[in-house]
2 protein chains.
Amino acid sequence: MGSGNAGPQNGQSLQHGVGLQTSTGRGGTARRPLDRKTILHEAVRFIDENGRDKLTMRRLGSELGVEAMALYRYVPGREQLLDGVVEVVMKELNDSSGAADTFDSWQEYLQQIAHAVRGMATAHPKIFPLVASRPPAAPWLRPPLRSLQWVESFLEGLDYYGFGKDASVVIYRAFSTFLLGHLLLESAMSLPGTPEMGAEDDIEVYETNDLTAYPRTLELKPQLAREEFDEEFEDALEDLIDRIALSRT
Amino acid sequence: MGSGNAGPQNGQSLQHGVGLQTSTGRGGTARRPLDRKTILHEAVRFIDENGRDKLTMRRLGSELGVEAMALYRYVPGREQLLDGVVEVVMKELNDSSGAADTFDSWQEYLQQIAHAVRGMATAHPKIFPLVASRPPAAPWLRPPLRSLQWVESFLEGLDYYGFGKDASVVIYRAFSTFLLGHLLLESAMSLPGTPEMGAEDDIEVYETNDLTAYPRTLELKPQLAREEFDEEFEDALEDLIDRIALSRT
DNA sequence: ACCTGAACACCGTTCAAGT
DNA sequence: ACCTGAACACCGTTCAAGT
């Protein structure tokens, strides 16, 4: 093991050949126009792949074939860039939701809404926490349902199915917390898990957290470990819809 | 105060502690022992006050009266420091929960549990998102209920009140998503809100997001804006407990 | 034993300057 | 009009050196 090696091994696996852009070759130079939309979409792609913390003005620039400073012409700063990322996925969500009047019942409508939001969360598990926790533009917009357009369309749908105004507000709130809880949990659980141990001595051990001090947890570990997010989501969604139906009187 | 001697004492076991102790440092006491616990508690205090993004190894060090590098003797790095912060507040939560057998019914027991977790979230609104979204140590621990000790004690309580193993797992999961949804929402909404506009000309305006394109949202804005988190939490908690009662058969 | 100085490889952001 | 070089004030982290 460590001979007097002076070379510092940094624990990062960065620097694998990325750049295929940067002019060179390709007779046409093919410089993308580089507008705000291009930047935001690249940012979404990058976070999907590498996670929020790896997104850096400099790295995003190089991914687009420009220096970081060029981005400031289109985006005021890193924070607003992240806001823009949230905007992009919310727009995807808006576009993926069907019109209210294409369903046979309000139950089906709400089901479809919920599934559309879940689709966004599972398509972008590393972005969903941003949707969930960035401060909303208006204080009465609740994460993760935080776009005016989305809320307007939702209220429209509820109106179409005959829900009154008070009921609509209650439903919007119940939906928000329901979706936030389930989807954030699902996003969080789908992510890597703490990347410990850089040393290459031990490999095993790990999995066993020494649960001997926690007998009940140990006993239930197999059941706790079997996650059925699909089923859990569907069951809880049905529950929620049933409760709404009951309160409709 | 003394100072009969003239001339600067050179060498000498420097107890001086004079000097740069930045602002918030307690004036009097000389050098704190600086162990892991001290560091973690200071980190909690700092995030409570300034938020996660402002917490920096260098700033935390200066808050404790040392250079940043001194922290690395007690904490492996910034990420693990944040993990430690989560540990600290989870320990507070464990200590604040009463023993299961001090309640008259399982309903009361669950109520108390839920309120204890909510207490943690509202005491540390800037830390709760960390509790909610850091990858859990074991993949079958769900945020925000992510400490082995907590889960063990919870399972113990459910056992005490006669819940079977399967029911306990179901309840643990339902509780997780319930608490995650409600408390994360509450934390997120209690935070500053996007700090736009640095100009000091107008104050008003702002509030009106030009909702003319969103008539239904505009109409419901007053009701949407009136947040009653207490009531909402209590109502939803009762609902959850009622559902558990029903499934108990 | 515990802490610091100095150094390295990064950051976000600004601004004058290039084309 | 759009981009870059250079610079500034920060970061996390390592390591040899101080006491």
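Chain naming here is simple, since letters A, B, ... match the order of the sequence lines and numbering starts at 1 in each.
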Apply side-chain hydrogen bond (donor to acceptor under 3.5 Å, both in side chains) to [X] and list each qualifying residue two or more places apart in sequence or on a separate chain.
| X | value |
| --- | --- |
| A:His41 | none |
| A:Asp230 | A:Arg118 |
| A:Glu228 | none |
| B:Arg142 | A:Glu227, A:Glu232 |

Exercise for the section: Could you list the residues that satisfy salt bridge (charged side-chain N to carboxylate O under 4.0 Å, His left out) with A:Glu79, not counting sequence neighbours? Expected result: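 Partners of A:Glu79 under the salt bridge (charged side-chain N to carboxylate O under 4.0 Å, His left out) test: A:Arg134.
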Exercise for the section: Under the salt bridge (charged side-chain N to carboxylate O under 4.0 Å, His left out) rule, collect the residues that match up with A:Glu152, sequence neighbours excluded. Expected result: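 So A:Glu152 forms no salt bridge (charged side-chain N to carboxylate O under 4.0 Å, His left out) with any residue.
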Fill in the blank from the handout: Per-residue pairing states of DNA chain C in dot-bracket (Watson-Crick or G-U under 3.5 Å; . unpaired, | other strand) read ||.|||||...|||||.||
Can you sort out the partners of [X] under ring-ring contact (aromatic ring centres under 6.0 Å, His included), two or more places apart, ordered by chain and number?
| X | value |
| --- | --- |
| A:Phe46 | none |
| A:Tyr172 | none |
| B:Phe154 | B:Trp150, B:Phe175 |

Problem - C:dC3 phosphate, OP1 or OP2, under 4.0 Å from B:Tyr74 side-chain N/O - result: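 Answer yes for this pair, as a side-chain N or O of B:Tyr74 is under 4.0 Å from OP1 or OP2.
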Practice task
Find the distance A:Leu71:CG to C:dT14:C1' and express it as a whole number of Å.
Solution key: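 Going from CG in A:Leu71 over to C1' in C:dT14 covers 14 Å.
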Practice task
To the nearest Å, give me how far apart CZ (A:Arg36) and P (D:dC2) are.
Solution key: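 The answer, rounded to whole Å, is 16 Å.
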Could you run down the sub-3.5 Å N/O contacts of the protein with nucleotides 5-12 of chain D?
residue, atom, partner, partner atom, Å
D:dC11, OP1, B:Arg59, NH1, 3.1
D:dC11, OP1, B:Arg59, NH2, 3.3
D:dC11, O5', B:Thr56, OG1, 3.3
D:dC11, O3', B:Thr56, OG1, 3.3
D:dG12, OP1, B:Thr56, OG1, 3.3
D:dG12, OP1, B:Met57, N, 3.0
D:dG12, OP2, B:Met57, N, 3.0
D:dG12, OP2, B:Arg58, N, 3.4
D:dG12, N7, B:Arg58, NH1, 2.4
D:dG12, O6, B:Arg58, NH1, 3.1

Problem - Carboxylate-amine/guanidinium contact A:Lys91 A:Glu87, below 4.0 Å - result: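 Salt bridge flag = no for A:Glu87 with A:Lys91.
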Got a list of protein N/O to nucleotides 16-19 of chain C N/O distances below 3.5 Å?
none

